[in-house]
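Here's the structure, in structure tokens; my notes come after.
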Amino acid sequence: MSQIFEAISPELSTAPVREVFYPELPRLLPYAYHPRAAQIEIASNGWIRRQLGACFASEAELLFFLRQRNGIYGPLTVPEADAQRALDIADWYQYVTVIDSSVSDRSGLGADDGAARRVFADIVADFTADGGAAEAAAGRVTDTAADAGARSATEAAYGNAAKDLWRRISPGLSPAQKRRFGASLAAFLRGCASEIRAKLTDDVPDFETCIQVRLDSFGCDFIELMTEYGAAVDMSDVLPELAEVHDHCRRQMIIINDLLSWRKEQAQDDKMTVVRVLTEREGRGIQDAVNRLCELVEHHERTYIALRDELLAGPLGERPDVVAYLRALDHMMGGSQEFEYLTPRYYGDGSVWDGSTSGWLDLDAPVVRFRSQPSSAAREPAGGPAAGAAARCPVDHGRALGSAPAPAPAAAPAADRSPATAPAAPRTRPAPRTWRVAVANGAVPVLGHALHLWRRPLEFLAGLPGQGDLVEIRLGPKKAYLACHPDLVMQVLLEARTFDKGGPLFEKARLLVGNGLVSSEWEDHRTQRRMLQPAFHPSRMPGYVSLMREEVEGVLADWQEGRAFDVSDAMHALTLRITARTMFSTSVGERAIPEVAYCMPLIMRGVYQRMVAPTGWQERMPTPGNRRFDALRARMHAVIGETIEDQRRAGTDRGDLLSILVNARDEDTGAGLTDAEIYDQVMTLLIGGTETTGNTMAWVFHVLAEHPEIERRLHAELDEVLPDGRAPEFADLPRLDYTWRVLNETLRMYPPAWLLTRTTTKRTELAGKVLEPGTIVMYSPYALGRQAAHFENPERFDPDRWLPDRSAGVPRGAMVPFSAGNRKCIGDAFGQAETTLTLATIATRWQLRPAPGAKPNVAVPKASLGTGPLDMIPTPRRRRVRTGSPTPSEIS
Ligand code: HEM
């Protein structure tokens, strides 16, 4: 293993320092140390010395291995296991880590994949029924002198250790688990051999091939088995049901491992790591690759949680062993990540963890930890956390990551399911730095800044980041703070328990949506999110998309050449119909839709006015405006109440969202939701799913009319992907790359959710300022998207800024149109599919131009940022069709 030493302790060179920024990962899963962690680690280190000492070239190498603290991996990943089992597991993981280290070493097993395969075959035989199991049963647990003579000391050591482990572990496994154990070990060793081969042949695989090899070489099968062993359960009979959960769990762990071990792997010239795939195979810069992979980690973690919750909400949730296993799997993932921050294995021999989980990491220094500032101006390349993080699911399952990006089904976040699985407090540690904390300019007596927010809110907000990273605003007697710096925004969003839903927006939103998902506070939110999540499962997206197609086609059937119409109204009507159809599949629902369409925009405007009102008395006055507002709310209530009643009467599952809500039962009490609770969720989804997408669509047609060159490029893509002029199917969406960039740029410049508020639930600190409980904290996707510090020429509509290379430097918190953390939009994938499909279908067939004198009016934005009435005139578009080589021919 001597080359490992050399590789990890490179000579200091005069080459420019290479540094990469590692964004904070969400860490939604719990982690804990086993109560006997310290004793287990020591005992396990003793076992390694006794059993596998012969596998190390010298005492120094053995000590080097032990300093990596591999013995703590077991106690961190099975914190609730019986102590003996936790020790068995610790030894097991150390055992495979010794093999893994030797595989990385070209003077050890890594020298020759053929030889390694032979050693591995012996190890498998020592473990499986022909070898270890049978011998263990007969009490023969060590190699005899004769056996040992035929094998090298190293091979004999591997064999003896395998037998010892098998003797201890196998009695706790069922016959099915024993069979799985053999197969899992074989898979691990097969993966190791493939890694050796790749290294020797200089092959960098594509993304999916790499993942497939890593699934084996990371030992995913036995990680799950060890989790079962730790929880004393057998999941062999439900593996198919767990397959999806496992897939996301595995990918999350592998990608985190590859990200955090990158310094070591690149020093050892490892080919089988997803970082290398992205940098070498897909030609990304290292920062871009890291950003992408961080997005993937978040995606897999959230999808894992969503799927896990879905399983628990179904019949398997009745089985205590499944519940115990999934809880153990949470700890496995959370603990595994904790280990990867902790181990000196990836940060250099002698490094000591300072608790940091994000920051700049030097790729070349012998000993490193995350730093708050880069140490070199020559870092490669300058840039911050995940670009376009809020944009979409970056996962292209089953394809190379670099191919056409997809507005594909992103996993929506899910709340945790019980106190035991409550998310670990997000450990955002903004860099110790000097923050600029300011009071916004232009306060007037009594009203403070309320008039600015009332009269010219966008201009006012966009000017605040120039004044400070955290800016105090006065709303009459109340103070509020706008987080302007992206890192502060991420802190607010990730520390969701401290910065909980609240503040003027949500207080007023409760007038409309009561205690629905978007406005509920931490505790309620977790239960609610679990209940609603199944409706947004990726598997439902193809069905939703075909329904969206029907609705868009229906709307287009009424368009007439040259006849102006209000595009904002039309898009809201369309998105409302789409959301409502996913919610109510009945004729009663159909009747409710026009009523809701009429009331909603008027109510939304009233909510915004109440939100920025400096005092609360105006809304209680019996003015005509207030009476109208109350009447509209009552009307909406009545019509939705009717659909709920209809669903209750029917009692059947109609496959729509209303059925999910009416049939939902509390896990503990078995109680269902009251009509009032269902009403709140229906209103939440109707508003969340209509205003946002409707406004986005209106803006996009406005900007296209203003930018003919961008429109021309959009048309070119549509003609290529949809040459026959049909509406896209679900499978077409990933190919509409430019369409997606146009929409993402629209969301940057005109985010529908332009100002959002939170309230602190306890005394806390933000930007070094102490905030008392109950303090209002806000963030503005609009103001963030207009900052020149993060977006070059921010007033320019430039979809290509979302090309991977150009977007690499955009800090994660600077682009949050769908928010982030556990309150991230539940309908993000739905919304992105909907806007992509709508834009593609309309722009394939029609071109819209403003009616004379028509332009957006944002002087008084509502709770959601819209264009206001926007009359546009449709003209049928003539498409260019490519056949083979680009020979344009016109079709109508
Ligand atoms: C362009 C489309 C959309 C945008 C820009 C958007 C934006 C957002 C944002 C920023 C939030 C977080 C609010 C906060 O931080 O306080 C949010 C939450 C939410 N959105 Fe969306 N949204 C979109 C589409 C949708 C759709 C289509 C639906 C439903 C069909 C939906 C339903 C919701 C719900 C229920 C929440 C609350 C989630 C929670 O707190 O757990 N949204 N959305």
Side-chain angles (χ1 to χ4, degrees), residues 302 305-306 390-392 407 410 412-415 483 489-490 492-494 496 499-506 509 513 515-522 524-533 535-536 540-541 544 547-548 571 575-576 578-583 657 661 680-700 740 743-744 746-748 750-759 777-782 784-785 813 815-839 863-866:
R302 291 188 184 287
I305 290 171
R392 67 195 143 146
V489 172
M490 287 313 290
V492 169
L493 295 179
L494 294 181
F499 299 93
D500 203 353
K501 281 286 171 108
L505 174 66
F506 293 105
V513 297
N515 189 33
L517 188 67
V518 80
S519 52
S520 56
E521 291 172 6
W522 174 266
D524 279 354
H525 175 260
R526 296 162 66 215
T527 320
Q528 294 186 10
R529 183 107 189 185
R530 194 164 71 234
M531 236 167 48
L532 264 66
Q533 198 70 58
F536 293 92
R540 298 187 74 135
M541 287 305 299
Y544 291 153
L547 188 150
M548 290 169 192
M571 291 302 114
T575 54
L576 180 71
I578 290 174
T579 320
R581 274 198 61 192
T582 57
M583 216 152 359
L657 195 65
L661 292 170
D680 289 348
Q681 300 301 2
V682 168
M683 283 299 286
T684 300
L685 292 168
L686 274 178
I687 292 169
T690 300
E691 282 292 303
T692 48
T693 44
N695 284 332
T696 307
M697 291 315 304
W699 281 115
V700 82
W740 172 79
L743 284 162
N744 205 41
T746 307
L747 287 173
R748 177 186 71 82
Y750 307 105
W754 59 286
L755 179 62
L756 294 146
T757 62
R758 300 285 190 270
T759 309
V777 178
M778 313 200 275
Y779 75 100
S780 165
Y782 179 87
L784 287 160
M815 181 65 184
V816 282
F818 293 98
S819 190
N822 72 335
R823 304 307 291 250
K824 188 175 181 201
C825 178
I826 199 172
D828 56 353
F830 185 102
Q832 287 178 73
E834 182 179 352
T835 47
T836 308
L837 178 132
T838 307
L839 174 57
S864 169
L865 176 62

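Atoms within a ligand are numbered from 1 in the order they appear, just like the ligands themselves.
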Inset, instruction - Dump the intermediate steps for side chain to side chain donor-acceptor pair (under 3.5 Å) on Ser819 and Tyr779, then the final yes or no. - result: CA-CA 10 Å; Ser819 190; Tyr779 75 100; 3.0 Å; yes
Legend entry - Audit row: Phe536, Met541, side chain to side chain contact (heavy atoms under 4.5 Å, CB included) steps and yes/no: CA-CA 8 Å; Phe536 293 92; Met541 287 305 299; over 6 Å; no
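Contacts with ligand 1 closer than 4.0 Å are made by side-chain heavy atoms of His525 only, the backbone lying farther away. The proximity of Tyr750 to ligand 1, defined as any non-hydrogen pair under 4.0 Å, does not occur for either the backbone or the side chain. Under 4.0 Å from ligand 1, the heavy atoms of Pro817 that appear belong solely to its backbone.
Listed by number with element, the atoms of ligand 1 under 4.0 angstrom from any heavy atom of Thr696 are 1 (C). Of all the atoms in ligand 1, the ones that sit under 4.0 Å from a non-hydrogen atom of Ala753 are 10 (C). Close approach to Phe830 involves these atoms of ligand 1, each under 4.0 Å from a residue heavy atom: 27 (C). Numbered from 1 in the order shown, with element, the atoms of ligand 1 that lie under 4.0 Å from a heavy atom of Leu685 read 35 (C).
Shown here for Thr746 and Trp699, the closest heavy-atom pair between the two residues is CG2-CB, 3.6 Å. Taking both residues in full, the closest heavy atoms of Val816 and Pro781 are given as O-CG, 3.8 Å, listed atom of the first, atom of the second, then distance. Closest approach of Arg529 and Ile826 over heavy atoms only: NH2-CA, 3.4 Å. Between Trp522 and Arg823 the shortest heavy-atom distance is N-NH1, 4.4 Å. The two residues Val492 and Ala483 come nearest to each other via the heavy atoms CG2-CB, 4.5 Å.
Remark: among candidates Met778, Glu834, Arg758, the nearest residue to atom 14 (C) of ligand 1 is Arg758, based on non-hydrogen atoms. Closest heavy-atom approach to atom 25 (C) of ligand 1 among the candidates Gly831, Gly688, Gly694: Gly688. Considering each of Cys825, Ala496, Ser819, the one bringing a non-hydrogen atom nearest atom 19 (C) of ligand 1 is Cys825. Proximity annotation for atom 38 (C) of ligand 1: of Arg529, Glu691, Lys501, Gln681, Arg529 comes nearest, heavy atoms only. With distances taken over non-hydrogen atoms, the option nearest atom 30 (C) of ligand 1 out of Phe818, Phe536, Tyr779 is Phe536.
The protein non-hydrogen atom at the shortest distance from atom 34 (C) of ligand 1 is Ile826 CG2, 3.7 Å. Taking atom 13 (C) of ligand 1 as the reference point, the nearest protein heavy-atom neighbour is Leu756 CD2, 3.7 Å. Ranking protein heavy atoms by distance to atom 24 (C) of ligand 1, first place goes to Thr692 OG1, 3.3 Å. Taking atom 29 (C) of ligand 1 as the reference point, the nearest protein heavy-atom neighbour is Gly689 CA, 3.7 Å. From the protein, the heavy atom lying nearest to atom 36 (C) of ligand 1 is Val518 CG2, 3.9 Å.
Contact check for His525 versus Leu517: side-chain heavy atoms found under the 4.5 Å cut-off.
Considering backbone and side-chain N/O atoms, Thr579 never comes within less than 3.5 Å of an N/O atom of ligand 1. Remark: ligand 1 and Arg823 share an N or O pair separated by less than 3.5 Å (distance only, no angle test).
Judged purely by atom type and a 3.5 angstrom limit, Gln528 uses its side chain to pair as donor or acceptor with the backbone of Asn515. Formation of a donor-acceptor pair under 3.5 Å by the Arg302 side chain with backbone atoms of Gly821 is found in this model. The backbone N or O of Thr690 lies less than 3.5 Å from a partner atom in the side chain of Thr575, making a donor-acceptor pair.
The shortest separation from a heavy atom of Thr693 to ligand 1 is under 4.0 Å, placing the residue in contact.
Outside the 6.0 Å centre-distance limit, the rings of Tyr782 and Trp754 are not counted as a close aromatic pair.
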